[in-house]
Asker: 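Dumping the structure here so I can ask a few things about it.
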Amino acid sequence: MPEPVPTLQLIGVAVLAVAAVAWAVVLWRLLRRTGLRAPARRPAAPLPALPRQRRVGPPLESVELTPAEHDAFAGLVRQLADG
C-alpha cells in the first residue's frame, strides 16, 4: 500500500497546477487580443552581396533502354531487393 503524500507536496502540486492554468489563460487572452494573425511576410529580395545564379541545374537527360537492358535492370533490382 502506498504511503500517504506529505501535505507540503500536495500544496506544491496545487500551486503548480494553478500557475499552469493561469499561464494558459493569459496566453490565450494575449493571442486572442492580437487576432491570431500570421505575420505578413515580405517578398524575399535578393541579397546584393551575392552573385546572381545563371541556371538552376544541368539539363535533364533520359535514355531509352532496349528490352534486354530493361530485363537486366529488373533482374538487378530483384537481386538487390532480396538482400
Side-chain angles (χ1 to χ4, degrees):
M1 179 161 214
E3 295 193 22
V5 180
T7 306
L8 279 176
Q9 196 172 6
L10 288 175
I11 292 172
V13 169
V15 167
L16 285 176
V18 169
V21 169
W23 175 80
V25 168
V26 168
L27 182 64
W28 180 70
R29 291 179 112 193
L30 285 174
L31 289 175
R32 204 175 99 208
R33 184 181 301 166
T34 61
L36 294 173
R37 288 182 300 251
R41 296 190 67 155
R42 294 182 295 149
L47 297 174
L50 297 177
R52 288 195 175 271
Q53 294 181 349
R54 298 287 180 229
R55 60 181 188 156
V56 176
L60 296 178
E61 296 179 7
S62 66
V63 176
E64 292 293 325
L65 298 177
T66 64
E69 290 172 331
H70 191 272
D71 292 338
F73 182 73
L76 178 63
V77 169
R78 278 193 298 274
Q79 183 181 4
L80 291 174
D82 290 339

Asker: For L30, enumerate each residue passing the side-chain contact (heavy atoms from CB on, under 4.5 Å) test, keeping only those at least two apart in sequence or located in another chain.
Answerer: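 Checked L30 against side-chain contact (heavy atoms from CB on, under 4.5 Å); matches are V26, R33.
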Asker: Who clusters with L80? Use side-chain heavy atoms, under 4.5 angstrom, across I, L, V, M, F, W and Y, and order the result by chain and number.
Answerer: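 L76, all in the cluster of L80.
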Asker: Please name all residues satisfying side-chain contact (heavy atoms from CB on, under 4.5 Å) with I11, sequence neighbours left out, ordered by chain then number.
Answerer: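 side-chain contact (heavy atoms from CB on, under 4.5 Å) check on I11 returns T7, V15.
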Asker: Listed by chain and number, what are the side-chain hydrogen bond (donor to acceptor under 3.5 Å, both in side chains) partners of T66, not counting sequence neighbours?
Answerer: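 Listed in chain order: E69.
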Asker: Going by side-chain heavy atoms closer than 4.5 Å, which hydrophobic residues are tied to V21, directly or by a chain of links?
Answerer: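 Answer for V21: V25.
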Asker: Output the rest of the hydrophobic cluster of L10: all Ile, Leu, Val, Met, Phe, Trp and Tyr residues reachable through side-chain heavy-atom contacts under 4.5 Å, sorted by chain and number.
Answerer: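 Members besides L10, by chain and number: V5.
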Asker: In the hydrophobic clustering (ILVMFWY, side-chain contacts below 4.5 Å, transitive), which residues join V77, or is it alone?
Answerer: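 V77 shares its hydrophobic cluster with F73.
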